[in-house]
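We count residues from 1, following the sequence as given. Computed from a predicted structure; not experimentally measured.
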Amino acid sequence: MNYTIENTLLYVEDLSVAYGPKMVIKDVNFVEKDVLREGKVTGQVIAVVGRSGRGKSTLFRALTGLVKPTSGKVLIANTATGLDNDAKEVKEGDIGFVNQKYTLFRNKTVYQALMFALRNNQETKEQKHEQIMQYLKDWGLESVKDQYPNELSGGQRQRTAIIEQIFCSGHYMVLDEPFSGLDVGNIEAVKNAFDLITASHEFNTIIYSTHDIELAVELADSIYVIGYPTIDGKLQDYGTIVKHVDMKELELAWKDFGLDHIEVVKQIKAAMMAS
């Protein structure tokens, strides 16, 4: 499994967020780099797991610029240049964010919503139309392009929301619990969506949370466990990263789920239970 590590795409340093006197996450540090595989376009898939109330949603709000960090910073690459020394601090809109509600315009059809998402794109209307139709075809939404959100299934709403964010935000995408409450068919549809996103550009980076540890280990090439750390024998009451698993280093990334993956699942569950 040949791969090389290139420039930094996401850099998080000493990130802390407090709401009033309550520290929710503290001293979160991680770096994700562009992964190149020979003869294959490979985006990055990063999973964040942890027990409820440990700060995953707050971390996602900070990563996407929806909440200002109390201290620390989140930097993303200027993907136009791809230079390691050309990074910028995240602001709202730089990173696509799909929450569990898949919020869509109630008064716009799927097609109209996607056209609106491309409003700042400099292409012609015909080029935008072609792009939308290609995405609808690839994502299995052609048949519902003229339907409104209340006429769509949960899976169709979710896929529309993801495409909307891709059109608005470029290479970075944060998904809060994208597999939550989905049946087997829709889980497969989201997996396929991940494949479509990562295969379309090497800078494309998906960051998602899930309570399903098996899905984290199966799909991600980098996994972060967020939990309460133990310091001097005492469990703290703020979230931070307590474990990182690099599936690439373990030679388990981009492989079918097997016995070695199950061993990683056990390790992650143990880390979660201790935090």
Side-chain angles (χ1 to χ4, degrees), residues 1 10 30 32 35 37 42-60 63-64 95-102 138-140 153-163 165-166 172-200 204-227 239 241-275:
M1 181 177 42
L10 178 63
F30 64 91
E32 286 294 333
V35 178
R37 289 164 71 197
T42 305
Q44 290 60 234
V45 181
I46 301 156
V48 178
V49 299
R51 293 164 71 182
S52 294
R54 295 308 194 255
K56 293 191 299 292
S57 292
T58 298
L59 172 62
F60 280 4
L63 288 179
T64 53
I95 294 181
F97 185 43
V98 179
N99 61 24
Q100 289 170 277
K101 298 188 181 77
Y102 323 135
D138 290 343
W139 291 59
S153 70
Q156 289 167 337
R157 276 203 304 278
Q158 184 189 45
R159 275 175 279 157
T160 304
I162 292 172
I163 299 170
Q165 290 301 323
I166 290 172
Y172 296 89
M173 175 74 47
V174 168
L175 300 132
D176 193 9
E177 294 286 344
F179 299 101
S180 179
L182 297 182
D183 62 25
V184 174
N186 278 323
I187 285 173
E188 285 305 311
V190 178
K191 286 185 188 178
N192 292 338
F194 277 27
D195 288 341
L196 284 164
I197 294 168
T198 54
S200 60
N204 283 1
T205 302
I206 298 169
I207 306 163
Y208 71 104
S209 61
T210 179
H211 285 292
D212 188 324
I213 311 308
E214 284 81 2
L215 276 173
V217 171
E218 178 187 351
L219 299 175
D221 41 74
S222 184
I223 303 167
Y224 293 94
V225 182
I226 191 166
I241 289 167
V242 294
K243 185 178 179 66
H244 176 225
V245 180
D246 188 332
M247 299 295 283
K248 303 180 294 297
E249 274 185 10
L250 296 174
E251 298 190 359
L252 294 175
W254 318 300
K255 283 189 173 176
D256 290 337
F257 193 89
L259 289 174
D260 290 336
H261 292 79
I262 291 170
E263 195 51 47
V264 176
V265 170
K266 287 180 187 168
Q267 291 171 19
I268 289 174
K269 284 184 175 174
M272 285 169 62
M273 292 308 294
S275 63

Flag the pair [X] / [Y] as yes when at least one side-chain heavy-atom distance between them is below 4.5 Å, and no otherwise.
X: N186; Y: R159; answer: yes
X: F179; Y: D212; answer: no
X: R37; Y: K248; answer: no
X: I207; Y: F60; answer: yes
X: V190; Y: Q158; answer: yes
X: I162; Y: I197; answer: yes
X: K255; Y: M247; answer: no
X: L10; Y: F30; answer: yes

Specify the closest pair of heavy atoms between S209 and E177, including all atoms of both residues, with the distance to one decimal.
-> OG-N, 3.0 Å
Indicate the atoms forming the closest heavy-atom contact of V98 with M173, along with that distance.
-> CG2-SD, 4.0 Å
Go through the side-chain N and O atoms of T198 and N204 and say whether any donor and acceptor fall under 3.5 Å apart.
-> no
Determine, stepwise, if the pair Y208 / V45 fulfils side chain to side chain contact (heavy atoms under 4.5 Å, CB included).
-> CA-CA 8 Å; Y208 71 104; V45 181; 3.5 Å; yes
Please test D260 against L250 for side chain to side chain contact (heavy atoms under 4.5 Å, CB included), starting from the C-alpha separation and ending with a verdict.
-> CA-CA 9 Å; D260 290 336; L250 296 174; over 6 Å; no
With sequence neighbours left out, write down each residue that passes side chain to side chain donor-acceptor pair (under 3.5 Å) with E32, or none if nothing qualifies.
-> S222, Y224
Pairs where residues 191-200 contributes a residue and the test salt bridge (Lys or Arg N to Asp or Glu O under 4.0 Å) is met, not counting sequence neighbours = E188-K191, K191-E218
Nearest 0.5 Å please: distance from the CG atom of D246 over to the CD1 atom of I223.
-> 9.5 Å
